[in-house]
Amino acid sequence: MAETIIDANEAAMAARVATGFQFQPGSVEGFYHAIDRALTGFERPSFCRRLQNQAMKADFSWHRSAARYADLYSELHRDVASDARLYRGSVA
């Protein structure tokens with residue numbers, strides 16, 4: 001789940017890419033800090049609305065990830081095939 005959340009820090013909010021509040025797993029202090037930041041943010045309706053809209057626009061589907069994996073596998077296959085041709089040529 002952490003890989004789907006872009007922390008609502010100043011830079012991410014300015015870039016309009018923030019989708020929520022992150023914290024370090026296993027850190028109670030970090031969790032409390034994230035909750036505090038969220039509560040502070042939600043006291044500002046414009047901040048809350050902007051964060052909500054940004055999160056709703058984010059693409060969490062597998063379509064983009066699947067295409068990236070397919071591209072990676074194709075690239076690896078080309079590299080392996082090329083290496084195999086070079087290897088066969090060197091032992092002939």
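The chain is numbered in sequence order, starting from 1. As a basis for the values below, the full set of heavy atoms in this structure was taken, side chains included, without hydrogen atoms, waters or symmetry mates.
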Pairwise distance CZ(Phe42) to CZ(Arg49) - rounded to 0.5 angstrom | 12.5 Å
Are the side chain of Gln22 and the backbone of Ile5 linked by a donor-acceptor contact shorter than 3.5 Å?
-> yes
Shortest non-hydrogen contact from Ala8 toward Ala18 | CA-CB, 3.5 Å
Nearest-0.5 Å distance, OG1 of residue Thr19 to CD of residue Gln54 = 8.5 Å
Any Arg50 side-chain heavy atom under 4.5 Å of Arg16 side chain | yes
Under 4.5 Å between side-chain heavy atoms, hopping through other hydrophobics if needed: is there a path connecting Phe31 to Leu39?
-> yes
Linking Ile, Leu, Val, Met, Phe, Trp and Tyr through side-chain heavy atoms less than 4.5 Å apart, which residues share a cluster with Met56?
-> none
Should Asp36 and Tyr32 count as side-chain neighbours, where that means a heavy-atom distance under 4.5 Å?
-> no
Rounded to the nearest 0.5 Å, how far does CD of Glu75 lie from CG of Asp71?
-> 8.5 Å
With sequence neighbours left out, the residues meeting side chain to side chain contact (heavy atoms under 4.5 Å, CB included) with Ala34 are Phe21, Phe23
SG (Cys48) and CG (Asn53) are apart, to the nearest 0.5 Å, by 9.5 Å
Identify, with sequence neighbours excluded, every residue that meets salt bridge (Lys or Arg N to Asp or Glu O under 4.0 Å) alongside Arg37.
-> Asp7
